[in-house]
Enquirer: 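Can you keep this structure in mind? I'll have questions shortly.
These numbers were taken from a predicted model, which means no experiment stands behind them.
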Amino acid sequence: MESADRMGPWGFGDAVVLLSPIGFLVAMVLKPNPMPTAKSLWLAAVLLFVLKLWYLQASPLEACACFVKGVLQALTPCSIVAGAIFLFDCMESSQCLAWMKVQLRVVTDSHPVAEVMLIGFCFAFVVEGASGFGTPAALAAPMLHSMGHPKMECVVCLLTFNTFMTIFGAVGTPVWFGIGEVVPDYGEENLMQVGFNAAIALSICAILIVPFVVNIIVPWSDLKKSLPFVFMSTLSIVVPFIGLAFVNYEFPTLASGIFGLLATTLLTVCRVGLGAHSKEEKPEAPEPEAVEDEPKKEISEFDLEKGKEGKEEKEEKEEKDVPVAVTTDLEIVPQSEMKSEIELDPLDGVTFSNPSGDVQKALAKVGASKIMAQAKAQESEAGALKTTQSKKSLRDKAVNPHVEVCKKTLKKFHKNRHMAVMPMRLWKAHHSEDSFEARSRTHKIHIDDAHLEHFNQGLNVFDCVFRTMPLWLTVLLLILTRIEPIGLKSALRLKEPMIVNGDLGTLGHLEISAVGRFSLSNILGTNIGWAYELLYIPFILPFVVAGCAPLLVLRRELDHSFGEIVHAVLHRIKGPAIALSGALMLVELLRTSDHLKDAPAIIIGTRLSETLSHAFVALSFPLGALGSFFSGSTTVSNLTFTQVQKMAADKLGLTSNALIALQLCGASSGNAFCLSNIIAATAVIGLHIPEGIIVKRVLKPVFAQYLICTLVLLPFIYA
């Protein structure tokens, strides 16, 4: 069949028509009341399915087989997300995370800039180099949040940081597989040149943009004093990153990440380039002796105008600026579990603090004992807090904020903990909005970990080895299973010996090997197949093994049993699984050709290059980002659009290495707003917000990368 017959009938209109499902998806995600991705991704996949049959007149069997393969393909990212959740929950239950938080605070002295660079940038670099698959955001974002930073900012920061890391992914997979598989005769030298060009462009982006990414979490007043530290930490990664990319495309991310992590730790310990931050400059004032003075800083306090409508003006003036604290002396669940059970706005003023003998004294100072008594009397009649937008309903709820907020969360108890809560959202509804004014609108949740005293008694060998075991065992297992000369990589992917080899009729042919490799070939009688390598993907090895190890060694200190952790993981993975299956169906429909028509991705790229000529260069980066947006993978984006980029470069007389490198940069940047990564990160951290909100937050740094990478690579493209 002629090449023209394998395209659509409308020339450039083919690209417009076939991009309409992506346009629909973007519109549904970014509209004011976003449609859940569990629905929008499936609808976009159905729309593209209809277009393939009606507009392209493609083979119906191949189109249906793409649906089947997409659902099965979702097992891979779902397994990775479930493994990351399991590992993090095991770290929490075995107190490993608590110990690491204490030690990081000792190293960083609770310096927010050092915390963000160590965990969010350097540690994430190591994880990306060993694992890929969007694991850094899913693993490092909860760690940053556990240090006291807000959930939303942690997710946005890690997703943006991830854009600098994924051009080589897990041991070079996006290059040797994503590009080499599509262009098998490209050669090792050309592949290294593509990786080197992309590394130069993204390293320049990192030097210029990383300070602004840190600013997502750290206020500029603190950040500007530590800019030398940020630049030195960034250079400790990008310099070896560029150097290694010149000779190899498998380990630049992992090796430079390890070097940068060690260098940044040394800079932090020696306080090189780190300026003072707000906590150091404004230490807490000593507790006043007079009863009329303000309460301790540990109690959440706000200036609220007392009184309701109809009160005398004099009475309102007397009660106007009396701070109110709502506190409970109950024993509550550990902070991490409680924060997963309640979703409050960062301005709600939730504070976790260690117990203090002066709590009741502080309550008496602010006249809160009456509120406590009322809360206790009404506790049996109070219901759980329900999500509502009704101001009248919120006023009713605000009558007793202690019961309405705390009763929902305090389902289990933990010794020697106190909580001070001031639900500002409810008080704002209860009182006139004009009269409401909080002393501070900081977005940071201050946490004094209950384990601080226990774990701050000095280091010992046992804690250093076994408290960090989940992390170093994760990295070790990934390295052992990814380095080809060791032999485990090929052993975990063996197709033989087979333990199952059977025909499933027209559904396909099923094979299961002894090492857990599942494959379904000839789906619906087509040449489309699916494979799932149980022991190779980052699931059992390393996440489950690394998570179970501390449960066994530290079994006497567990907060939750193995069964409770598994139950929580299954509960949290249900939503992401639905969305990911829709995303993977859309990917398969876009990138799959059949005997009648080319893949929609190839048609889109070909029509755009024919129509736009050299202006296509400006679309090279967005095409790569688009591939990652709907697939969640730099590798899949390269598999989808590399052939398009090479065809355009050959037709326009451009340097294909540089144009593919620009596509690679776009694919890496697209990881910031790809739905599967957002779903994975928010699921692990326990953030329940529309994905469109996060997409809007990351678009600015991605657009900056687009401009910088395009300008940097233009001389290479036209060389």
Side-chain angles (χ1 to χ4, degrees), residues 34 88 97 101 104-105 108 110-124 127 134 136-165 206 209-224 226-227 229-230 233-234 277-279 335-336 339-340 342-352 424-425 438 440-447 669 671-674 677-705:
F88 192 78
L97 187 61
K101 287 189 297 182
L104 281 171
R105 287 176 190 171
T108 64
S110 296
H111 200 297
V113 176
E115 291 172 350
V116 172
M117 292 304 295
L118 267 175
I119 300 174
F121 191 60
C122 299
F123 175 71
V127 176
L139 186 60
M143 290 185 66
L144 265 184
H145 173 60
S146 70
M147 303 297 293
H149 302 291
K151 290 182 179 180
M152 164 75 84
E153 281 68 26
C154 290
V155 171
V156 173
C157 181
L158 262 297
L159 288 171
T160 309
F161 272 146
N162 199 38
T163 62
F164 305 116
M165 313 169 187
I209 298 175
V210 162
F212 297 97
V213 181
V214 178
N215 187 226
I216 294 173
I217 292 180
V218 183
W220 179 250
S221 58
D222 287 342
L223 176 60
K224 64 182 180 181
S226 300
L227 283 177
F229 173 85
V230 173
S233 176
T234 305
H277 56 96
S278 55
K279 290 183 180 179
Q335 59 193 34
S336 57
K339 285 185 291 183
S340 67
I342 183 169
E343 292 298 326
L344 292 175
D345 188 272
L347 297 181
D348 283 344
V350 179
T351 301
F352 302 90
M424 293 172 62
R425 195 168 54 211
S440 174
R441 288 186 175 271
T442 177
H443 284 260
K444 186 171 182 179
I445 302 172
H446 300 284
I447 300 174
S669 297
N671 281 274
F673 56 87
C674 75
N677 281 359
I678 293 174
I679 293 168
T682 54
V684 173
I685 204 173
L687 181 63
H688 307 291
I689 61 171
E691 289 79 5
I693 296 177
I694 296 178
V695 170
K696 293 175 183 177
R697 292 284 300 272
V698 301
L699 283 181
K700 287 184 179 179
V702 169
F703 182 72
Q705 291 182 28

Enquirer: Quick one: which of V698, I685, I689 gives a side chain to side chain contact (heavy atoms under 4.5 Å, CB included) with V155?
Expert: I685

Enquirer: Distance check, rounded to the nearest 0.5 Å: T234 atom OG1 versus M117 atom CE?
Expert: 4.0 Å

Enquirer: Heavy atoms only: give me the nearest S226-H111 pair and the separation to one decimal.
Expert: OG-CE1, 3.3 Å

Enquirer: Taking the six-membered ring for Trp, are F161 and F121 parallel (under 30°), tilted (30 to 60°) or perpendicular (over 60°)?
Expert: tilted

Enquirer: Could you measure the distance from the CG atom of L687 to the CD1 atom of I679? Nearest 0.5 Å is fine.
Expert: 12.5 Å

Enquirer: With sequence neighbours left out, write down each residue that passes side chain to side chain contact (heavy atoms under 4.5 Å, CB included) with L227, or none if nothing qualifies.
Expert: P211, W220, L223, F231

Enquirer: How long is the straight-line distance from CD1 of I209 back to CG of N215, given to the nearest 0.5 Å?
Expert: 13.5 Å

Enquirer: With side-chain contact (heavy atoms from CB on, under 4.5 Å) as the criterion, how do L159 and N671 come out once you've worked through the C-alpha distance, each side chain's angles and the decisive distance to 0.1 Å?
Expert: CA-CA 7 Å; L159 288 171; N671 281 274; over 6 Å; no

Enquirer: Calculate, to the nearest 0.5 Å, the distance between atoms CE and CG belonging to M165 and L158 respectively.
Expert: 7.0 Å

Enquirer: For the side chain of T682 and the backbone of I678, is there at least one donor-acceptor N/O pair under 3.5 Å apart?
Expert: yes

Enquirer: For a side-chain contact (heavy atoms from CB on, under 4.5 Å) check, start with the C-alpha distance between H149 and C157, then their side-chain angles and the critical distance, and finish with the verdict.
Expert: CA-CA 11 Å; H149 302 291; C157 181; over 6 Å; no

Enquirer: Are any side-chain N or O atoms of T163 and backbone N or O atoms of T160, one a donor and one an acceptor, separated by less than 3.5 Å?
Expert: yes

Enquirer: Kindly give the heavy-atom pair with the smallest separation between F673 and V702, and that separation in Å.
Expert: CE2-CG1, 3.7 Å

Enquirer: Run the side-chain contact (heavy atoms from CB on, under 4.5 Å) test on R697 and I216 for me, step by step, so that the C-alpha distance in whole Å, both residues' side-chain angles and the decisive distance to 0.1 Å come before the verdict.
Expert: CA-CA 10 Å; R697 292 284 300 272; I216 294 173; 3.8 Å; yes

Enquirer: Of the non-hydrogen atoms in C154 and A141, which two are nearest, and what is the gap between them?
Expert: CB-O, 3.8 Å

Enquirer: Rounded at 0.5 Å granularity, tell me how far CD1 in I217 sits from CD in E115.
Expert: 9.0 Å

Enquirer: Is it true that atom NZ of K700 has more than 12 heavy atoms of other residues, nucleotides or ligands lying nearer than 6.0 Å?
Expert: no

